[in-house]
Amino acid sequence: SGSSSGSGVAVAASSCAAAIGTETSGSIISPASACGVVGVKPTVGLISRAGVIPIAHSQDTAGPMTRTVADAAALLTVLAGSDPADEATAEADARKSDYTRALDADGLRGARLGVLRGMNTEPRLLALYDAAIAVLRQRGAEIVDPVTIATQQQLTGGSDLFQYEFKADLERYLAEWAPTASVRNLDDLIAFNRREAAREMPYFQQETFEASARRGPLTTQEYVELKERLQRQSRAEGIDATMDTNRLDALVAVSAGAARHIDLVSGDGGGGGGAPSGTGIAATAGYPHVTVPMGYIHGLPVGLSFFGRAWSEAALLKFAFAYEQASRARHAPAFAATAAIPWDGRGA
């Protein structure tokens, strides 16, 4: 699963102790789930994005990908902090903490957790999810099952927001990080790709570049209204309202659909199995999100998500650590020569 798939694979295979992923919408959480590792997508503004090639500043952030929650907490502690090169991090120094101090094997006791349902219906996935919820309850969490985020289906227009911000953010990146490059803006990049199409675009086109190039500046009324609506619906009217109404400490969900086997004809199919989990609202809001291994379907991983209000990383890591210690769901990959079962391409 993209786009931090290399980071997820390297951690899962123990090629490194930890890696950094980057996410706009799912690019830490989904590959972490598919690779059976821990992923932390922090509150936007906790970690500097200086030097990160951008997609959309409303949602872009870096975050840890590790084999254990303890490793993720240690790495997040190092990464968090204010940076004059990224104005979004102005609050980070006041908000950050030593996240390793939040790790408590009994950390679920007394926590009130809301369970999101209805997005995934695959029976084996639901069985894993129900088993995970049972572990949370056994470890002392008060479970509110189900809860719904009323605005979830109203979060439309995200791709339009990305197109506006991608144009502005990429051109700012080029000015700051490649001031002597021959390409200075999105139009220059599009022209370069057309000139070098035989090498640059033998198998794909540049529809995203071209769509973004047609967008106006960030002062455009459409953009201003779209950003305000998405942030309001995902934050105050979405995650915050759901947690207030149900008096929750965090929300729980399946991180992504089950990972897919490789199809030797059609490729891997992309995504973490393709089934939506309902966790994307945390990315839209810019709120923190932690995924931890929950189990396996046909030997391939799927993760359990904890997400919640802005700056609640310590609480989410506490809950994820307590679940991890109780479930011990992750196991190291076996590096099998081939899949253990026949695969019919339909997930059966």
Side-chain angles (χ1 to χ4, degrees), residues 4 7 11 18-30 32-33 37-49 52 58-83 86 88-108 110-114 136 141 231 234-235 238-240 242-243 248-253 255 279-293 303-325:
S4 299
S7 298
V11 170
I20 309 297
T22 57
E23 172 164 327
T24 303
S25 185
S27 292
I28 291 174
I29 298 302
S30 185
S33 176
V37 300
V38 175
V40 180
K41 197 286 293 185
T43 304
V44 172
L46 183 65
I47 296 174
S48 175
R49 286 92 49 87
V52 174
S58 294
Q59 297 182 205
D60 282 353
T61 184
M65 299 178 76
T66 62
R67 286 169 293 184
T68 68
V69 177
D71 285 351
L75 184 52
L76 183 62
T77 300
V78 174
L79 295 174
S82 299
D83 180 0
D86 183 359
T89 63
E91 291 187 61
D93 279 351
R95 297 285 190 172
K96 70 178 183 178
S97 68
D98 180 351
Y99 297 102
T100 64
R101 299 180 63 181
L103 304 179
D104 179 359
D106 199 34
L108 285 163
R112 187 172 167 89
L113 305 178
L136 300 177
Q231 292 189 340
S234 61
R235 295 175 180 177
I239 292 172
D240 294 341
T242 300
M243 294 183 68
L248 300 176
D249 296 303
L251 290 153
V252 177
S255 299
T279 62
I281 191 170
T284 303
Y287 281 7
H289 185 173
V290 177
T291 181
V292 62
L304 178 69
S305 282
F306 298 86
F307 65 99
R309 303 178 193 275
W311 315 111
S312 63
E313 285 83 359
L316 301 180
L317 287 165
K318 178 173 70 172
F319 303 147
F321 179 77
Y323 170 76
E324 173 195 61
Q325 297 302 300

Inset, instruction - Would you indicate whether the side-chain heavy atoms of Leu113 and Leu136 approach each other to under 4.5 Å? - result: yes
Legend entry - Spacing of OG1 belonging to Thr242 relative to CD1 belonging to Ile281, to within rounding of 0.5 Å: 7.0 Å
Inset, instruction - Give a yes or no answer on whether the side chain of Thr77 reaches the backbone of Asp98 with a donor-acceptor pair at less than 3.5 Å. - result: no
Solution key, residues 312-322 side-chain donor-acceptor pairs under 3.5 Å, sequence neighbours excluded:
| unit_1 | atom_1 | unit_2 | atom_2 | d |
| --- | --- | --- | --- | --- |
| Ser312 | OG | Arg309 | O | 2.7 |
| Glu313 | OE2 | Thr43 | N | 2.6 |
| Glu313 | OE2 | Thr43 | OG1 | 2.7 |

Inset, instruction - State which residues pass side-chain contact (heavy atoms from CB on, under 4.5 Å) with Thr68; sequence neighbours excluded, sorted by chain then number. - result: Ala70, Asp71, Glu324
Legend entry - Least distance between heavy atoms, Leu79 atom then Pro64 atom: CD1-CG, 4.2 Å
Inset, instruction - May I ask you to test the Val69-Val290 pair for a side-chain heavy-atom distance under 4.5 Å? - result: no
Inset, instruction - Could you grab the distance from atom CZ of Arg95 to atom OG of Ser82, nearest 0.5 Å is fine? - result: 11.0 Å
Inset, instruction - Please list, chain by chain and in numerical order, all residues satisfying ring-ring contact (aromatic ring centres under 6.0 Å, His included) with Phe307, sequence neighbours excluded. - result: His289
Legend entry - Set of salt bridge (charged side-chain N to carboxylate O under 4.0 Å, His left out) partners for Arg101, sequence neighbours left out: none
Inset, instruction - Please examine the side chains of Ile28 and Val40, heavy atoms only from C-beta on, and report whether any two atoms are closer than 4.5 Å. - result: no
Legend entry - side-chain hydrogen bond (donor to acceptor under 3.5 Å, both in side chains) partners for Ser27, two or more places apart: Ser3
Legend entry - Thr291 versus Ser255, side-chain donor and acceptor atoms under 3.5 Å: yes
Legend entry - Any side-chain heavy-atom pair of Val38 and Pro293 under 4.5 Å: yes
Inset, instruction - Kindly give the heavy-atom pair with the smallest separation between Ala283 and Glu23, and that separation in Å. - result: CB-OE2, 3.9 Å
Legend entry - Least distance between heavy atoms, Tyr323 atom then Val292 atom: CD2-CG1, 3.6 Å
Inset, instruction - Could you tell me the separation between the CG atom of Asp249 and the CZ atom of Arg112, rounded to the nearest 0.5 Å? - result: 9.0 Å
Inset, instruction - State which residues pass salt bridge (charged side-chain N to carboxylate O under 4.0 Å, His left out) with Asp93; sequence neighbours excluded, sorted by chain then number. - result: Lys96
Inset, instruction - Return the minimal non-hydrogen interatomic distance between Leu248 and Gly114, and the atom names on each side. - result: CD2-N, 3.5 Å
Legend entry - Side-chain heavy-atom pair Thr61, Leu46 within 4.5 angstrom cut-off: no
Inset, instruction - Only counting residues at least two apart or in another chain, list the ones meeting side-chain contact (heavy atoms from CB on, under 4.5 Å) with Ser7. - result: Ser4, Ala19, Met65
Legend entry - Residue list, side-chain contact (heavy atoms from CB on, under 4.5 Å) with Ser58, at least two apart or on another chain: Leu161, Glu165, Tyr223, Lys227, Gln231
Inset, instruction - Please list, chain by chain and in numerical order, all residues satisfying side-chain hydrogen bond (donor to acceptor under 3.5 Å, both in side chains) with Tyr287, sequence neighbours excluded. - result: Asp240
Legend entry - By salt bridge (charged side-chain N to carboxylate O under 4.0 Å, His left out) - contacts of Asp86 (at least two apart): Arg49
Legend entry - All side-chain hydrogen bond (donor to acceptor under 3.5 Å, both in side chains) counterparts of Arg235, not counting sequence neighbours: none
Inset, instruction - Could you pull out the closest heavy-atom pair between Ser305 and Ile29, with the gap in Å? - result: OG-CG2, 4.2 Å
Inset, instruction - Give the C-alpha distance, both sets of side-chain angles, the deciding distance and a yes or no for side-chain contact (heavy atoms from CB on, under 4.5 Å) between Val252 and Leu304. - result: CA-CA 7 Å; Val252 177; Leu304 178 69; 3.5 Å; yes
Inset, instruction - Would you name the heavy atoms of Ile239 and Ala285 that are closest together and state the gap between them? - result: CD1-CB, 4.3 Å
Inset, instruction - Mind checking side-chain hydrogen bond (donor to acceptor under 3.5 Å, both in side chains) for Gln325 and listing every partner two or more places apart, or none if nothing turns up? - result: Arg328
